[in-house]
2 protein chains.
Amino acid sequence: MTPAALWLIEDNGLFRATLARGLERTGRFVCTGSFRTAEAALAAAVPGAAPAAVLLDVGLPGMDGIEALPRLRERLPSSALIVLTVFEDEDKIMRAICSGAQGYLLKTAPVSEIAAAIDDVLGGGSPMNSRIARRVLELFSRLVPPRKDYGLTARETEILQQMVEGRIKKEIASHVGLSVHTVNTHMRNIYEKLQVNTVNGAVAKALRERLV
Amino acid sequence: MTPAALWLIEDNGLFRATLARGLERTGRFVCTGSFRTAEAALAAAVPGAAPAAVLLDVGLPGMDGIEALPRLRERLPSSALIVLTVFEDEDKIMRAICSGAQGYLLKTAPVSEIAAAIDDVLGGGSPMNSRIARRVLELFSRLVPPRKDYGLTARETEILQQMVEGRIKKEIASHVGLSVHTVNTHMRNIYEKLQVNTVNGAVAKALRERLV
DNA sequence: AAGGAACTCACATGAAGGTGCGATTGTCTA
DNA sequence: TAGACAATCGCACCTTCATGTGAGTTCCTT
């Protein structure tokens with residue numbers, strides 16, 4: 001099996017060289033690109049020279065690793081993008097995940113582990129720390145939540161939708177073809193059922209719990 | 001450290017007993033509940049007797065493990081729910097993830113590994129197979145829309161968050177330690193940047209586009 | 001036929017919000 | 001050094017909202 005082509009994007013020259021040597025020594029990889037900044041890598045990212053995987057540091061000078069992700073993805077659609085991090089900032093990693101990286105490795109991990117993880121990614125996996133995984137799952141269940149039943153009637157749901165659209169009572173009334181008074185009454189009932197007492201409370205609850 | 005209370009829900013009596021014995025032998029766990037069906041576990045799930053974690057087989061007679069998840073979650077809100085699977089059916093696992101399980105273990109894994117994974121879950125992690133993780137990430141990047149940048153400043157974002165919490169200007173002011181006037185001004189700027197002109201419009205936009 | 005639930009409309013009042021028109025203070029950066 | 005921008009605070013005026021209290025209709029179930 002021929003070695004897989006890798007790119008490294010990492011501002012620390014020593015770490016970059018050490019990692020490159022360590023990975024090449026496994027015989028499974030060859031570093032065809034070595035960049036100090038995301039800008040340099042983007043400039044080199046032309047079709048035809050795409051590596052199998054890109055190892056990308058998040059803490060880069062100039063363009064942030066997270067910012068670079070979507071652009072790299074655009075220019076290297078078939079390369080696996082793997083984020084290297086010191087794992088302090090979970091939020092950064094969450095943003096990286098949303099930007100379409102395939103793997104998240106700790107810079108502190110031994111080379112053998114990093115190599116195994118790269119293989120894993122190239123084989124269709126996404127190795128990730130279990131704590132990160134938990135964060136992902138939590139975000140996930142917020143995206144796809146079990147919608148509770150507050151016993152809203154059809155009319156109430158309709159008006160709640162209008163509220164979520166950002167309309168005021170008057171507008172809702174004319175949209176739905178009712179008097180403001182009626183809309184007012186429905187909103188009271190919605191408030192009671194959702195246990196809130198402002199429009200934005202109701203809107204927040206509706207959107208969070210996917211009631212609409 | 002006192003052992004963590006576990007429940008096992010698994011129809012195969014032999015496997016259940018073997019697993020229970022193996023886990024208890026580590027000294028870190030004690031099996032306080034052992035059920036053949038999800039229905040039996042649900043009947044026993046009363047407040048006060050909640051275990052630290054529940055190990056739940058997906059392939060159960062009667063009520064499916066996946067169906068049982070949301071109900072268990074409802075009755076045992078503070079227990080970790082861990083799915084045991086033979087890992088053939090990724091789709092089942094995806095549905096389990098959407099139902100709010102915290103961990104996914106292979107039934108074929110050695111007891112030591114299962115024990116380590118339970119510890120991991122109890123410690124706030126979610127161990128998962130890297131192939132599953134990839135599936136999750138793919139689904140994720142499809143669900144999460146690219147967040148637009150409205151150029152909100154740090155302060156504005158902070159106040160927008162408070163708005164989403166349902167607080168009124170006065171409350172926001174005291175929470176953030178500002179005068180109502182300042183909060184007012186920030187809200188105006190938020191409105192302009194988000195192209196809205198009511199709290200609930202801003203809240204709706206923030207939640208929809210995940211600005212907060 | 002009785003009862004309940006959903007839906008409709010109305011008035012009034014105090015609280016909260018939206019907006020026009022100011023101002024001063026820092027901290028960057030061209 | 002001038003200018004841009006974020007952040008802070010202030011007043012005034014009108015709009016919109018929340019809520020208490022009422023009542024009439026239709027439709028479905030018991």
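Proteins get letters first, then strands, A, B, ... in listed order; numbering begins at 1 in each. Computed from a predicted model, the values in this text were never measured in an experiment. Side chains are part of it too, since the values below use all heavy atoms of this structure and drop only hydrogens, waters and symmetry mates.
Of the charged side-chain nitrogens involved, none lies within less than 4.0 Å of a carboxylate oxygen, so that A/R36 and A/E10 do not count as a salt-bridged pair. Salt bridge present: A/E158 and A/R155 bring a charged side-chain N and a carboxylate O closer than 4.0 Å. The pair B/E74-B/R71 does not count as a salt bridge, with every side-chain nitrogen at least 4.0 angstrom from each carboxylate oxygen. Using a cutoff of 4.0 Å between basic side-chain nitrogens and carboxylate oxygens, B/E156 and B/R188 are not scored as salt-bridged.
Atom CD1 in A/I168 sits roughly 13 Å away from atom C1' in D/dC14 (whole-Å rounding). Computed from coordinates, the A/N189 CG to C/dC7 C1' distance equals 10 Å when rounded to whole Å. One can place CD of B/E158 at 10 Å from P of D/dA7, the figure rounded to the nearest angstrom. One interatomic measurement links the two molecules: NE2 of B/H186 to P of C/dG18, which rounds to 15 Å at whole-angstrom precision. Remark: P of D/dC17 and CD1 of A/I190 are 13 Å apart, rounded to the nearest angstrom. In this entry the distance linking CE of B/M187 with C1' of C/dG20 reads 17 Å, nearest Å. Rounded to an integer number of Å, the gap from A/R155 CZ to D/dT25 C1' is 14 Å. Note: CD (A/E192) to P (D/dT21) measures 14 Å, nearest angstrom.
Residue contacts shown for B/K170 are limited to sugar-phosphate atoms, with no base heavy atom under 4.0 Å away.
OP1 or OP2 of C/dG18 lies within a sub-4.0 Å distance of a side-chain N or O belonging to B/K169. At least one side-chain nitrogen or oxygen of B/T153 sits closer than 4.0 Å to the OP1 or OP2 atom of D/dA7.
In the set D/dA18, C/dG18, D/dT8, C/dG18 carries the atom at the smallest distance from any side-chain atom of B/N197. Listed candidates were D/dA7, C/dG18, C/dC7. Nearest to the side chain of B/Y191 is C/dG18.
Taking 4.5 Å as the limit, every side-chain heavy atom of B/V30 sits out of range of all side-chain heavy atoms of B/L6. A heavy-atom distance below 4.5 Å is not found between the side chains of A/V121 and A/S126.
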Between the protein and nucleotides 9-14 of chain C, are there any N/O to N/O pairs under 3.5 Å, and if so, what are the atom names and distances?
residue : atom : partner : partner atom : Å
C/dC9   : OP2  : A/S179  : N            : 2.9
C/dC9   : OP2  : A/T182  : OG1          : 2.6
C/dC9   : O5'  : A/T182  : OG1          : 3.3
C/dC9   : N4   : A/T185  : OG1          : 2.9

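Residue B/E67 places its CD atom among more than 12 non-hydrogen atoms of other residues, nucleotides or ligands, all under 6.0 Å distant.
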